Amino acid sequence: MAFSRWFRTNRRKEVFELKNLIFRFSGLIVAFLVVVAQISPLCLLGHYQPEVPASLRK
Amino acid sequence: MSYLSFSRKLSSSLASAHHLDEEQQAVLAYAIEVITLNSVNTLLTLTLGWILDVFWPTAICLGAMTVLKYHGGGGHSESPWRCTLVTMLVFPLLALAAARASNWPLFYRDLISLIAVTAGSVSIIKYAPVDNDKAPIVSPERRMKLKKRSLITIILLATVMAVLRFITLDETGVINLCLSFSIFWFSFNLTPSGHRLWRFLDGLGQTEERRCSS
């Protein structure tokens with residue numbers, strides 16, 4: 001009961017804070033994704049190859 | 001660029017937050033897809049391996065295949081979900097086969113390892129690196145470099161197998177056979193027969209009309 005009351009009153013605030021947190025670290029996420037894209041132009045262990053963007057083709 | 005909807009949505013929200021252009025958005029979508037599909041493949045494969053009581057042999061097969069495929073490429077499926085299904089079935093089956101065959105006499109196990117390394121080396125020299133339309137290898141120098149690296153990888157694996165051959169632990173037989181069976185699967189994927197198998201799997205359950213329209 002206490003948790004549901006807390007959730008109802010704080011949900012918007014929590015969601016806003018979560019979005020804010022994701023936005024704050026999105027630069028790091030983008031940098032991480034660019035590094036991953038650079039190191040694996042050929043597929044790793046599966047047998048499906050997503051289309052490699054033109055700028056990564058070597 | 002054709003990416004799955006979740007990668008497109010996520011990359012577009014990241015790109016709009018950082019004012020990235022279309023090409024940079026495609027790079028993000030590609031990275032998201034690589035991370036997600038490889039994680040799902042690994043998780044499902046290891047889970048099935050754990051259910052079949054061959055978790056570590058499955059992990060060894062996956063590791064060997066990853067280092068080999070990273071430089072050598074191989075046959076591909078057009079569908080990520082068919083690829084996931086085959087991957088999650090093949091590696092635990094290779095691990096199960098290795099666990100069963102580890103009881104065989106040493107002579108037969110050595111023979112399997114020898115044939116695997118020979119088949120792997122021949123198929124690398126003849127076919128590697130195998131690219132495709134979605135990930136073409138543009139530069140001939142890079143092609144040569146990947147072939148050399150594939151050969152170095154198989155020499156390293158053969159060295160590991162030779163060292164393990166003389167270590168008398170229960171597990172070494174299973175590890176050697178896992179490496180051998182992974183090399184067999186990798187070599188098969190380099191050959192035209194491997195490509196035919198993937199084309200056959202892609203065509204399963206599709207009517208002629210759907211195949212033409214896709």
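Quick note: numbers below take in every heavy atom, side chains included, and nothing from hydrogens, waters or symmetry partners. Each chain gets a letter, A, B and so on, in the order its sequence line appears, and its residues count up from 1. All of these numbers come straight from a predicted model, not from anything done at the bench.
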Original post:
What pairs with B/Glu78 under salt bridge (Lys or Arg N to Asp or Glu O under 4.0 Å), at least two apart in sequence or on another chain?
Top reply: B/Lys134
Original post:
Which answer fits B/Trp81, side chain, backbone, both or neither, if we ask what part of it has an atom under 4.5 Å from a heavy atom of chain A?
Top reply: neither
**OP:** Apply salt bridge (Lys or Arg N to Asp or Glu O under 4.0 Å) to B/Arg100 and list each qualifying residue two or more places apart in sequence or on a separate chain.
**Re:** none
**OP:** Can you establish whether the number of heavy atoms outside B/Asp21 located under 6.0 Å from its atom CG is more than 12?
**Re:** yes
Side-chain polar contacts of residues 45-55 of chain B - donor-acceptor pairs under 3.5 angstrom, sequence neighbours left out - could you list them?
| residue | atom | partner | partner atom | Å |
| --- | --- | --- | --- | --- |
| B/Thr45 | OG1 | B/Asn41 | O | 2.5 |
| B/Thr47 | OG1 | B/Leu43 | O | 2.6 |

Original post:
Just wondering, more than 12 heavy atoms not from B/Phe6 lying within 6.0 Å of its CZ?
Top reply: yes
Subject >> Engaged part of B/Leu20 at the chain A interface, taking heavy atoms whose separation is under 4.5 Å >> reply: side chain
Original post:
Does a side-chain heavy-atom distance below 4.5 Å link B/Arg8 with B/Ser5?
Top reply: yes
Subject >> Any residue of residues 180-195 of chain B which, by heavy atoms, sits under 4.5 Å from chain A >> reply: B/Trp185, B/Asn189
**OP:** Against chain A, label B/Ile35 side chain, backbone, both or neither, depending on which of its atoms sit under 4.5 Å from a heavy atom there.
**Re:** side chain
Subject >> Partner of B/His76 under side chain to side chain donor-acceptor pair (under 3.5 Å), chosen from B/Asn132, B/Asp131, B/Asp133 >> reply: B/Asn132
